[in-house]
Amino acid sequence: MPTWFITGCSTGLGRAMAKAVLAKGWNAAITARDPGSLQGIVAGHTNNALPLRLDVTDKAQVKAAVEATEKRFGSIDVLVNNAGYGYRGAVEEASEADIRQLFETNFFGLVDITQRVIPGMRQRRSGHIINISSVAGRMANPGSAFYSATKFAVGGLSDALRKEVGPLGIHVTVVEPGGFRTDFAGRSLHQSAVPIDDYAATAGVRRKENLTNDGHQPGDPDRAAQAIIKAVESPNPPFRLLLGAAAVKRVREELERQRKEIDAWEEVAVAADYPT
């Protein structure tokens with residue numbers, strides 16, 4: 001029976017993942033900053049659920065949560081790095097404190113947990129690391145520069161990681177959802193404190209979108225959880241897993257734009273080499 005370790009389970013995709021894993025009878029360490037928010041998930045699963053307090057920016061809590069899981073279940077077979085939050089603000093508007101806290105949660109917290117879990121997977125020569133990113137890790141919109149920067153960082157780390165641990169029997173998958181009906185654009189979304197009027201037509205538009213889009217996103221977290229489980233169960237799991245029709249469309253369009261730009265500037269690009 002596999003053991004999953006899932007971060008950020010109080011709401012959204014993390015909560016849907018926890019419920020789906022427990023419903024299959026698998027072991028799951030489910031974590032949140034407030035473990036009280038997990039009681040509705042663990043009810044009826046006392047034998048295979050381990051609720052834990054975890055702020056991913058707290059190294060002591062990370063260490064304690066991983067050790068408690070390994071003590072209870074013996075191993076961590078699937079790690080889901082889901083904890084994180086969104087941020088809206090033009091580059092000029094964002095405060096240094098906001099930027100650093102965003103990276104501490106969305107990137108450095110993921111790094112810390114991953115480094116704690118890998119040794120056990122490496123020893124067993126098996127495991128799967130699921131890093132929840134976003135379509136914002138493929139392209140960036142005005143007002144989302146720093147959120148995208150964290151997700152680009154997750155994608156880059158994951159790409160190198162899979163090449164390091166793949167020969168050791170460990171899979172890595174980056175999940176890239178589009179808009180899903182979670183608290184991402186509502187309660188969980190942070191914004192720069194002082195908007196600048198000159199960005200009203202760019203970053204400001206993104207702020208206003210949140211007021212109308214929240215609660216109407218097309219993505220279903222429960223279906224997303226099943227898609228992730230299907231990827232984990234596959235004998236040939238994907239490195240990148242897009243979720244939602246809008247995500248597939250946007251990434252295809254972005255890749256086509258990139259291809260056209262490469263073609264248009266190929267002559268200039270190759271001319272930068274020493275003559276042969």
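Between the side chains of Tyr87 and Asp98, at least one donor-acceptor pair of N or O atoms lies under 3.5 Å. For Asn81 and Thr114, the side-chain atoms include at least one donor-acceptor pair closer than 3.5 Å. No side-chain donor from either of Arg53 and Thr31 sits under 3.5 Å from a side-chain acceptor of the other. Under the 3.5 Å distance criterion, with hydrogens and angles disregarded, a donor-acceptor pair is assigned to the side chains of Asn131 and Ser158. No side-chain donor from either of Asn236 and Ser234 sits under 3.5 Å from a side-chain acceptor of the other.
Salt bridge Glu254/Arg257: present, at least one basic N to carboxylate O contact under 4.0 Å. Of the charged side-chain nitrogens involved, at least one lies within less than 4.0 Å of a carboxylate oxygen, so that Glu253 and Lys249 count as a salt-bridged pair. Taking the charged nitrogens against the carboxylate oxygens, Arg100 and Glu96 do have a contact shorter than 4.0 Å, which makes a salt bridge.
Ser192 OG to Phe146 CZ: the interatomic distance, rounded to the nearest 0.5 Å, is 9.5 Å.
A 6.0 Å sphere centred on CG of Asp197 holds no more than 12 heavy atoms belonging to other residues, nucleotides or ligands. Around atom CD of Gln39, more than 12 heavy atoms belonging to other residues, nucleotides or ligands sit under 6.0 Å away.
In this structure, Phe239 and Gly155 approach most closely via the heavy-atom pair CZ-O, 4.2 Å.
Judged by distance alone, with hydrogens and angles left aside, the side-chain atoms of Asp112 form no donor-acceptor pair with the main-chain N or O of Val62 at under 3.5 Å. Remark: side-chain polar atoms of Lys151 are paired, donor with acceptor, to backbone N or O of Ile132 under 3.5 angstrom. At least one donor-acceptor pair closer than 3.5 Å links the side chain of Thr105 to the backbone N or O of Gln101. Checked by atom type and distance alone, the side chain of Arg122 never pairs as donor or acceptor with a backbone atom of Ile118 at under 3.5 Å.
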